[in-house]
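Read through the structure below, which is laid out as structure tokens, and then see the notes.
Basis for what follows: all heavy atoms, side chains included, without hydrogens, waters or symmetry-related copies.
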Amino acid sequence: MHFVDPSREVLAETLLAAGPDSATLCEGWRTADLAAHLYLREHRLTAQLGMAFKPLSKVSDEATRKLADKSRGTAGYSKLVKAFRAGPPRLSPLKLKSVDAAANLIEYFVHTEDVRRATTRWAPRALDEEYSNALWDDLIKRAALLYRGVDLGIVLVRPDGPRHVAKRASVSVAIVGEPGELLMHAHGRTQHALVTFEGQPDAVALLQSAEIGP
């Protein structure tokens with residue numbers, strides 16, 4: 001099943017409900033900035049290059065800032081979110097389901113939660129089992145990269161049994177949680193992920209102070 005299209009809808013609805021000036025978990029970004037980022041990564045080659053290559057990141061950052069500033073008003077923001085919701089351009093490689101899934105399945109989940117969890121009161125969503133499994137499958141493909149900055153072995157563990165060794169070392173910590181929660185932790189949203197840890201106290205402390213994420 002292809003989950004990206006409904007995930008795009010959920011993300012668009014979450015952005016619209018929050019309005020243009022709500023907080024997000026993305027440092028320095030309000031919801032208008034996040035909406036601008038989501039639109040530009042699918043529609044502007046210069047922005048795409050800036051997101052992919054750090055030397056060009058200033059180009060991407062500036063384009064995001066300018067578009068966000070133009071979209072702070074309610075009407076402009078709604079128009080921007082509507083443009084994102086409509087999907088990538090006709091000739092975009094993202095029109096291919098396999099490319100779309102690889103680029104956006106995790107992106108849309110994490111950014112939806114970046115808006116939902118930036119408030120003082122939030123609760124995790126009850127995810128469809130197939131969707132949850134799809135998130136898990138994508139996570140284990142990327143886990144080694146996401147935890148590359150951690151000087152520990154990392155084992156990801158689902159409460160229903162599956163586990164994945166993301167990184168091997170002489171000392172390891174197991175991170176236990178549902179796939180969506182593990183995703184949030186692996187993408188650096190460590191204070192907003194409902195996970196638990198199994199391991200030596202000093203190893204857990206090292207993990208909690210480590211740089212995690214893309």
Side-chain angles (χ1 to χ4, degrees), residues 2-73 75-118 131 134-135 137-139 141-143 145-146 148 180 183-184 186-189 192 211-214:
H2 188 68
F3 294 100
V4 175
D5 290 343
S7 297
R8 183 190 291 272
E9 288 290 320
V10 171
L11 177 49
E13 284 297 324
T14 301
L15 287 166
L16 287 174
D21 199 38
S22 292
T24 77
L25 298 185
C26 303
E27 186 177 355
W29 277 3
R30 311 297 286 183
T31 37
D33 300 288
L34 178 54
H37 161 77
L38 290 165
Y39 174 81
L40 289 170
R41 69 186 286 273
E42 295 184 346
H43 289 81
R44 299 284 177 82
L45 178 59
T46 52
Q48 294 164 5
L49 291 173
M51 293 170 200
F53 304 104
K54 283 191 175 181
L56 299 177
S57 61
K58 288 184 178 180
V59 176
S60 175
D61 293 344
E62 182 65 12
T64 300
R65 184 191 63 77
K66 286 182 177 179
L67 182 57
D69 287 347
K70 286 174 57 178
S71 306
R72 299 287 178 193
Y77 179 71
S78 296
K79 182 179 179 181
L80 176 59
V81 175
K82 183 179 179 180
F84 159 69
R85 186 180 220 155
R90 184 170 57 88
L91 298 179
S92 170
L94 292 171
K95 286 294 188 181
L96 299 172
K97 294 296 186 183
S98 59
V99 177
D100 194 22
N104 291 326
L105 179 66
I106 286 179
E107 178 90 0
Y108 290 173
F109 176 83
V110 170
H111 283 324
T112 297
E113 297 305 311
D114 282 339
V115 179
R116 294 184 68 255
R117 302 187 185 203
Y131 180 41
L135 293 175
D137 290 343
D138 253 24
L139 171 61
K141 294 174 186 175
R142 308 172 190 216
L145 178 64
L146 294 168
R148 67 191 182 282
L183 264 178
M184 293 299 286
H187 282 77
R189 281 67 167 176
H192 297 84
E211 183 177 339
I212 300 169

inquiry  = As a quick check of understanding, evaluate side-chain contact (heavy atoms from CB on, under 4.5 Å) for Y77 and T31, giving each step before the final call.
reply    = CA-CA 9 Å; Y77 179 71; T31 37; 3.6 Å; yes
request  = Report the C-alpha separation of M184 and V110 in whole Å, then their side-chain angles, then the decisive distance to 0.1 Å, and conclude whether the side-chain contact (heavy atoms from CB on, under 4.5 Å) test is met.
outcome  = CA-CA 6 Å; M184 293 299 286; V110 170; 4.2 Å; yes
inquiry  = With side-chain contact (heavy atoms from CB on, under 4.5 Å) as the criterion, how do H2 and S7 come out once you've worked through the C-alpha distance, each side chain's angles and the decisive distance to 0.1 Å?
reply    = CA-CA 10 Å; H2 188 68; S7 297; over 6 Å; no
task = Show your reasoning for whether salt bridge (Lys or Arg N to Asp or Glu O under 4.0 Å) applies to R65 and D61.
result = CA-CA 6 Å; R65 184 191 63 77; D61 293 344; over 6 Å; no
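Contact detail for D114 and C26: the closest heavy-atom pair is OD2-SG, 3.3 Å. Considering all non-hydrogen atoms of both residues, A23 and A118 come closest at O-CB, 3.4 Å. Shortest non-hydrogen contact noted between P88 and R8 is CD-NH2, 3.4 Å. The two residues L105 and Y131 come nearest to each other via the heavy atoms CD1-CE1, 3.8 Å. When all heavy atoms are compared, the tightest approach of R142 to A102 is NH2-O, 2.5 Å. When every heavy atom of A35 is checked against every heavy atom of V81, the shortest pair comes out as CB-CG2, 4.2 Å.
Shown here are the ring pair (Phe, Tyr, Trp, His ring centres under 6.0 Å) partners of F84, two or more places apart in sequence or in another chain: Y108. For the ring pair (Phe, Tyr, Trp, His ring centres under 6.0 Å) test, no residue two or more places apart in sequence or in another chain qualifies with F109. K97 is linked by a side-chain hydrogen bond (donor to acceptor under 3.5 Å, both in side chains) to D5, counting only residues two or more places apart in sequence or in another chain. For H111, the ring pair (Phe, Tyr, Trp, His ring centres under 6.0 Å) partners are H37, not counting sequence neighbours. Here S71 pairs with L67, L80 under the side chain to side chain contact (heavy atoms under 4.5 Å, CB included) rule; sequence neighbours left out.
Note: L15 CG to T24 OG1 = 9.5 Å, rounded to the nearest 0.5 Å. Between the NE2 atom of H187 and the CG atom of L25 there is a distance of 13.0 Å, given to the nearest 0.5 Å. In this structure, CG in L40 is found 5.0 Å from OG1 in T64, a value given to the nearest 0.5 Å. Note that CG of L146 is 9.5 Å distant from CD1 of I212, once rounded to the nearest 0.5 Å. Between the CZ atom in R41 and the CG atom in N104 there is a gap of 4.5 Å [rounded to 0.5 Å]. Residue L11 holds its CG atom at 9.5 Å from CZ of R85, rounded to the nearest 0.5 Å.
Side-chain atoms of S22 come within 3.5 Å of backbone N or O of A18 as a donor-acceptor pair. At distances below 3.5 Å, not a single donor-acceptor pair connects side-chain atoms of R116 with backbone N or O atoms of E113.
Counting only residues at least two apart or in different chains, salt bridge (Lys or Arg N to Asp or Glu O under 4.0 Å) contacts with residues 16-34 comprise D21-R30, D33-R72.
Summarising the local packing, NZ of K70 is surrounded by 12 or fewer heavy atoms from other residues, nucleotides or ligands at distances under 6.0 Å.
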